[in-house]
Amino acid sequence: MFDNEIAINELQLGLFASIAADIPEDQLFSPGAGHGHPPAWILGHLAVTGEMGCQLLGGSLVHDDWISEFGPGSSDFVQPRSDLSKDVLVSAVTSAYESLRTMARNADANVTERPHGIELFANTPVKTVSHAVALLLTNHFGFHLAQLSSCRREQGHAALF
């Protein structure tokens with residue numbers, strides 16, 4: 001299940017590693033031009049939403065204490081603190097999506113065809129757990145990856161392709 005979405009997410013995670021590697025630690029909390037999100041928020045948000053995807057499939061949140069700071073609807077103002085280093089945030093994203101891909105690959109149709117219950121997607125075509133997981137593995141991840149990439153490019157790095 002989710003073969004296409006998993007392949008796309010694996011591609012995106014490869015790009016993520018290259019993009020994140022070029023984000024300097026001292027710029028982690030600086031808002032990006034245009035979108036205004038600092039890299040720390042983008043990374044924390046991707047980690048938390050990946051874990052929320054796992055939760056939809058029966059898993060749990062690893063960083064439940066990050067929900068108010070990085071969850072849907074959170075402010076993108078992140079106060080610098082020692083437990084939010086680039087290594088910690090990048091590792092959290094990588095781990096969340098490794099888990100989400102594994103859980104998606106082994107998901108039970110009785111779970112994936114249920115309504116997702118996510119208020120943000122009420123009255124949209126995204127109705128089921130399957131829809132929400134597919135969105136998290138592809139569109140949502142790619143959208144925020146583009147924001148992180150723009151932060152990288154702001155630092156003067158050339159395009160990756």
Group every Ile, Leu, Val, Met, Phe, Trp and Tyr by side-chain heavy-atom contacts under 4.5 Å, then state whether L120 and F143 land in the same group.
->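 Cluster IDs for L120 and F143 differ.
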
Check the hydrophobic clustering (I, L, V, M, F, W, Y; side-chain heavy atoms under 4.5 Å; chains of links allowed) and say if L136 and F121 are grouped together.
->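 As far as the 4.5 Å side-chain criterion goes, F121 and L136 are connected within one cluster.
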
Within a reach of under 6.0 Å around CG of N123, are more than 12 heavy atoms found that belong to other residues, nucleotides or ligands?
-> no

More than 12 non-hydrogen atoms from neighbouring residues, nucleotides or ligands closer than 6.0 Å to CD on E119, yes or no?
-> no

Please step through side chain to side chain contact (heavy atoms under 4.5 Å, CB included) for the pair M52 and L56, ending with a clear verdict.
-> CA-CA 6 Å; M52 292 171 98; L56 286 170; over 6 Å; no

Out of L57, V133, T128, which one pairs with T112 under the side-chain contact (heavy atoms from CB on, under 4.5 Å) rule?
-> L57

Could you tell me whether the side chain of [X] and the main chain of [Y] form a donor-acceptor pair under 3.5 Å?
X: H116; Y: V126; value: yes
X: E51; Y: H63; value: yes
X: H131; Y: K127; value: yes
X: R114; Y: A109; value: no
X: T138; Y: A134; value: yes

Looking only at heavy atoms, which two atoms of [X] and [Y] are closest? And how far apart?
X: E25; Y: S85; result: OE2-CA, 3.3 Å
X: M1; Y: I6; result: O-CD1, 3.8 Å
X: A96; Y: C54; result: O-SG, 3.8 Å
X: G58; Y: M103; result: C-CE, 3.9 Å
X: G53; Y: L100; result: C-CD1, 3.5 Å

Working for side chain to side chain contact (heavy atoms under 4.5 Å, CB included), residues H45 and V48 = CA-CA 5 Å; H45 181 70; V48 164; 5.8 Å; no

Got a second to check how far [X]'s [atom1] is from [Y]'s [atom2], nearest 0.5 Å?
X: L148; Y: F141; atom1: CG; atom2: CZ; result: 8.5 Å
X: L13; Y: E10; atom1: CG; atom2: CD; result: 8.0 Å
X: I23; Y: E154; atom1: CD1; atom2: CD; result: 8.5 Å
X: R152; Y: D22; atom1: CZ; atom2: CG; result: 4.5 Å
X: Y97; Y: L137; atom1: OH; atom2: CG; result: 7.0 Å
X: L89; Y: L46; atom1: CG; atom2: CG; result: 10.5 Å

Assess the side chains of S75 and W41: does a donor N or O sit below 3.5 Å from an acceptor N or O?
-> no

4.5 Å side-chain heavy-atom contact, [X] and [Y]:
X: L15; Y: F161; result: yes
X: F2; Y: S130; result: yes
X: W66; Y: L61; result: no
X: Q55; Y: S60; result: no
X: N9; Y: Q12; result: yes

For the pair F70 and D65, evaluate side chain to side chain contact (heavy atoms under 4.5 Å, CB included) and give the outcome as yes or no after the intermediate values.
-> CA-CA 9 Å; F70 300 118; D65 56 323; over 6 Å; no

Please tabulate, for side-chain N and O atoms in residues 28-37, each donor-acceptor pair with protein atoms closer than 3.5 Å (sequence neighbours left out).
unit_1	atom_1	unit_2	atom_2	d
S30	OG	Q27	OE1	3.3
H35	ND1	H37	N	3.0
H35	NE2	Q147	O	3.1
H35	NE2	S150	OG	2.8
H37	ND1	D76	OD2	2.9

With sequence neighbours excluded, tell me which residues meet side-chain contact (heavy atoms from CB on, under 4.5 Å) with V90.
->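 With sequence neighbours excluded, V90 shows a side-chain contact (heavy atoms from CB on, under 4.5 Å) to F16, A20, L43, K86, T94, given in chain and number order.
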
Sidechain N-carboxylate O distance under 4.0 Å for R105, E98 =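 Salt bridge between R105 and E98, a charged N being under 4.0 Å from a carboxylate O: no.
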
